[in-house]
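This report concerns only the one structure given below.
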Amino acid sequence: MQAPSEYSDGETVVSGPSRANAHGKFGMNEKTSMPDVPEIHTTHVVRDLTTNLDYFSEDRPLLVKIDRSGLPTALQKLNQQLIAAKQGKILSSKKPTTWLGRSREVNPGEIGLVNHGGLPKILVKPGRYPGPMWRNWWGRSWEGQRSLSETVISFKGLTIVQVSQNQAAVVSDPQNSIFVVKNVGFVAYGLVGTYDVLAIVDQTHLPTPIRDHVTKAILGWSHEVKMTRHVGGVKQDFVVAIFLNIPANNCAILQRGDELELLQAGQHCVTNPNVTLRGMYTLGENQFEMPTKDIFTRDQVPVSLTLYLKWQLTEPLKLATHGYETPYDALRDKTQSILTQIVSHLDYSSMIKQRTIGPDHVEDTSEHAPSSLFLDSLRSSAMDDLHVAALEYGIILKDLAVIDRQFKGEIANTMDKLTTRALQAQVEAANVDRENSNKVKQEEGALSVARIKAMALNTKADAEAYSVIAGAKAEAERTRIAAEAQATATRLAAEAAAEAVRTKARADAEVTDIFAREMQMRRLEVERVGAYGNRTVFVPTEGPGAAAGGSMLSGMTMALGVAQNGKAA
């Protein structure tokens with residue numbers, strides 16, 4: 001959006017300091033000195049250079065504006081004017097019929113054109129019109145049909161123009177006056193001259209782009225409509241209308257003599273022959289790298305700088321008043337002048353140590369070291385002086401930085417060699433430090449790896465010992481559980497056997513029948529013989545027969561001994 005201009009309608013640019021600089025309006029420091037701005041040449045600023053008079057505001061003979069009723073109504077009005085002026089008529093008196101034979105058809109939405117002895121005749125009503133065999137066609141010829149919504153119809157002095165949205169028709173009337181038709185139409189009949197349609201222009205798609213020759217950005221589009229005339233037997237083209245399409249955040253300046261007009265974004269048309277296009281400008285931010293010419297230091301060493309400039313144009317009328325085509329042209333001249341004054345007071349040694357400046361560069365300048373002279377001078381002098389100078393042209397300087405500098409001459413070459421050697425030594429030292437640091441880091445890494453491996457081995461040994469201890473504990477627990485289970489099983493088996501014996505004994509004790517008792521005794525004898533064999537002799541070891549048992553045992557022992565001795569012999 002454009003900043004409000006200091007100029008009102010019909011106001012004259014006054015001489016003296018710019019009001020925009022009076023109180024640091026654009027963010028300058030309070031301590032920055034604000035020099036007086038040079039006087040500006042008196043230039044009138046107007047607001048009506050693109051104002052085109054409504055061609056249809058005056059009553060013009062044999063010209064009818066097409067209103068909402070459409071083209072047929074406009075043709076009827078023109079026909080009535082011709083009849084009133086006793087100049088004939090243009091609407092044909094023929095009527096459509098349904099007769100057979102050769103006929104001419106006029107469909108709905110069309111008009112028919114008839115050449116009546118070189119004069120135009122129009123068939124307005126749709127239908128079929130009889131041919132020469134059925135009507136008087138002497139001196140007449142059929143010229144075809146045309147659509148009622150056609151943009152331009154030119155026929156035997158009759159001109160019909162109808163333009164739609166975004167279209168504009170540039171027309172020359174019988175007096176060679178140029179007027180532009182937009183969103184309207186007209187019907188005209190030229191008895192003393194013709195209405196020539198010079199061009200139909202699409203206002204949203206103009207063919208010629210206008211570029212900023214510095215930033216190469218498109219500022220807008222234009223189109224010139226020319227009229228061809230024979231002058232001295234030679235065809236010449238004359239520009240009769242200029243169409244402008246200005247995009248958003250851009251503007252254009254028109255000039256008529258010393259009068260200027262600022263055009264906002266939009267579609268414009270200029271038909272005034274005294275008005276010319278001064279230029280187009282963008283009101284947005286721009287940035288550009290500006291190389292300077294050679295500047296000599298105090299010790300006569302030439303230096304070439306490359307600057308980074310960032311600016312925004314807020315008052316294009318001021319820039320046009322000073323005669324600059326682009327904001328960059330104005331900043332370039334002022335920048336070269338200011339830098340020449342600064343560098344000419346500095347030595348080569350103070351400049352070579354400082355390469356760039358910018359808002360992000362921070363350096364301690366409390367002691368005013370020689371290496372900071374160039375930086376301080378550019379920051380305190382160049383930036384402030386350029387900002388004040390830019391305000392004179394309606395420009396706000398937003399950033400300034402030195403991105404490169406080149407010294408020239410033998411002294412500069414010698415100093416560059418020395419500087420290069422010093423830089424090489426610094427680089428080599430930095431490389432040695434870097435290598436040492438890398439070695440230290442490698443050793444530290446190896447030590448860390450060994451420490452980690454030792455920790456891993458300790459962890460593994462701890463895991464194995466824990467596994468052995470856990471296994472032993474599990475085996476002991478298993479043995480204990482098995483022994484307890486075996487003991488429990490044995491105890492239960494013994495208890496079961498004893499209980500069985502007791503049960504059996506109780507059962508035997510409860511038998512009172514003698515025969516049954518004897519049978520039981522016999523069954524026990526049979527079982528005992530079956531268990532020990534039929535040759536087994538049972539000797540009592542207690543009671544009255546114990547002595548006899550002992551004698552028998554001694555005899556058996558002796559017999560076994562004799563038998564063994566005999567075998568041995």
Side-chain angles (χ1 to χ4, degrees), residues 3 20-21 24 26-29 32 211-219 249-250 281-297 301-316 318-319 322 324-348 350-365 369 371-408 412 416 419 423:
N21 301 337
F26 297 106
M28 293 293 295
N29 278 332
T32 304
R211 297 180 181 271
D212 189 328
H213 69 274
V214 177
T215 62
K216 306 303 179 183
I218 295 180
L219 303 176
N249 207 31
N250 289 0
Y281 304 92
T282 178
L283 302 178
E285 292 184 355
N286 291 274
Q287 54 189 4
F288 194 73
E289 294 182 5
M290 187 194 82
T292 64
K293 299 179 181 179
D294 291 347
I295 306 173
F296 287 89
T297 62
V301 177
V303 58
S304 176
L305 303 176
T306 300
L307 304 180
Y308 166 80
L309 295 176
K310 184 178 182 181
W311 71 87
Q312 183 176 8
L313 179 64
T314 57
E315 297 180 77
K318 283 187 177 181
L319 185 66
H322 285 82
Y324 286 104
E325 185 177 357
T326 64
Y328 172 76
D329 296 333
L331 293 176
R332 178 186 58 193
D333 295 344
K334 284 293 183 180
T335 303
Q336 184 71 33
S337 175
I338 293 173
L339 288 178
T340 301
Q341 296 177 8
I342 294 175
V343 175
S344 62
H345 292 81
L346 298 177
D347 294 332
Y348 170 79
S350 65
M351 293 188 61
I352 194 171
K353 296 180 181 180
Q354 185 64 51
R355 289 178 175 268
T356 61
I357 72 165
D360 298 332
H361 188 90
V362 179
E363 183 178 352
D364 185 10
T365 59
S371 61
S372 63
L373 292 178
F374 183 43
L375 171 62
D376 293 342
S377 299
L378 282 172
R379 181 183 292 119
S380 62
S381 300
M383 187 68 179
D384 295 345
D385 293 345
L386 279 176
H387 191 93
V388 175
L391 293 178
E392 177 185 350
Y393 304 117
I395 305 170
I396 297 179
L397 183 64
K398 295 194 171 184
D399 195 8
L400 169 66
V402 178
I403 60 177
D404 190 20
R405 62 99 177 92
Q406 296 292 333
F407 294 97
K408 302 178 181 179
D416 283 341
T419 305
L423 291 176

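Note that the numbering runs from 1 along the sequence shown for the chain. Heavy atoms only: backbone and side chains are in, while hydrogens, waters and symmetry mates are out.
Separating the CG atom in D212 from the OG1 atom in T326 is a distance of 5.5 Å, to the nearest 0.5 Å. For the atom pair CG of D399 and CD1 of I396, the computed distance is 14.0 Å after rounding to the nearest 0.5 Å. If you take OG1 on T340 and CD1 on I295, they are separated by 4.0 Å, rounding to the nearest 0.5 Å. Annotation: the span from L331 atom CG to L309 atom CG amounts to 6.0 Å, rounded to 0.5 Å. Considering CD1 of I395 and OH of Y281, their distance stands at 9.5 Å, rounded to 0.5 Å. T335 contributes atom OG1, which lies 8.5 Å from atom OH of Y328 (distance to the nearest 0.5 angstrom).
With contacts defined as side-chain heavy-atom distances shorter than 4.5 Å, the pair L283/T314 does not qualify. The side-chain heavy atoms of D329 and H213, taken from C-beta on, include a pair separated by under 4.5 Å.
Listed by chain and number, the residues in a side chain to side chain donor-acceptor pair (under 3.5 Å) with N250 are T282 (sequence neighbours excluded). For Y324, the ring pair (Phe, Tyr, Trp, His ring centres under 6.0 Å) partners at least two apart in sequence or on another chain are Y393. Qualifying side chain to side chain donor-acceptor pair (under 3.5 Å) partners for Q287, counting only residues two or more places apart in sequence or in other chains: Y308.
Closest heavy-atom contact between K310 and L397: O-CD1, 3.6 Å. Closest heavy-atom contact between K398 and Q312: NZ-OE1, 2.8 Å. When all heavy atoms of L319 and P327 are compared, the pair lying nearest together is CD2-N, 3.5 Å. The shortest non-hydrogen separation linking S304 to D294 is CB-OD1, 3.6 Å. When all heavy atoms of L313 and G394 are compared, the closest pair comes out as CD1-O, 3.4 Å. The shortest non-hydrogen separation linking K293 to Q336 is N-OE1, 3.2 Å.
S337 contributes no side-chain N or O that, together with a main-chain N or O of K334, makes up a donor-acceptor pair within less than 3.5 Å.
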